[in-house]
Amino acid sequence: MKKITILISGRGSNMQAIIRNIQSGILKEICTIQSVFSNKKNAAGLHKASKLGIPTHVIASKGIKRKIYNALLLDWLKNENPDFIVLAGYMKILSPEIIQEFPKKIINIHPADTSLHQGLHGYDWAFENKLKTTKVTVHYVDEGLDTGKVIGKKEVDISDCKTIEDVEQKGLKIEHKFYSECLKKIFEDK
Ligand code: GRF
């Protein structure tokens, strides 16, 4: 069984979906979760993780130099020694040192097709470009911004969405299911 650590910065809805799948869904007996990490002490996801019985850890990135923060995070991750690091709305860029320490072991979900849109605000981008369909991408994390090898992409029909919020809601619904499906595939090494 693979051991994972999830990194978040905010709401943690993907984290919650993954934990539920580990506890009683498609990831049961496939992986275990040892901890949830946040760089923000007030991240709503921390509370959700605790309610689900998962240990949490915070290193607040605010107010400390990026280099120091990343060194602390690297130390903590080395100590946790997870098989995979799962990013779920983690809003900081991981340092090259962290990425090199865990090659092909860090996975992210991006709310757009990574070949069409990188960086923040993927759903706003889809809405503003009046797309009828958009995609979410699960990918390995490398040293670039959303440039890592793609694990899977899933289409989201947004043709009936009237607002950015509608787009996000539809996208997240797909993310919550699709992320765990991709993790299952990776962890089973299929
Ligand atoms: C999701 O849209 C995810 O694709 C992106 O950040 C958002 C995180 O949402 N990377 P949540 O914290 O999982 O609710």
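Start at 1 and go down the list; that is how both ligands and their atoms are numbered. For reference, positions follow the sequence shown, starting with 1.
Taking both residues in full, the closest heavy atoms of Tyr90 and Leu73 are given as OH-CD2, 3.4 Å, listed atom of the first, atom of the second, then distance.
Looking at ligand 1, you'll find an N or O of Asn14 within less than 3.5 Å of one of its N or O atoms.
Of the protein's non-hydrogen atoms, Glu175 OE1, 2.8 Å is the one closest to atom 4 (O) of ligand 1. Gly12 N, 2.8 Å is the protein heavy atom nearest to atom 12 (O) of ligand 1. Protein heavy atom closest to atom 9 (O) of ligand 1, with residue, atom name and distance, is Arg11 NH2, 3.0 Å.
Evaluation of the side-chain hydrogen bond (donor to acceptor under 3.5 Å, both in side chains) rule for Ser13 yields His176 as partners, not counting sequence neighbours. Remark: His47 engages no residue in a ring pair (Phe, Tyr, Trp, His ring centres under 6.0 Å) (not counting sequence neighbours).
Taking each of Gly89, Pro111, Ser13, Ala17 in turn, the one with a heavy atom nearest to atom 11 (P) of ligand 1 proves to be Ser13.
Residues Ser9 and Asn39 have side chains that bring a donor and an acceptor to within less than 3.5 angstrom of each other.
Using a 4.0 Å heavy-atom cutoff, Ile109 is listed among the residues neighbouring ligand 1.
At least one donor-acceptor pair closer than 3.5 Å links the side chain of His117 to the backbone N or O of Leu120.
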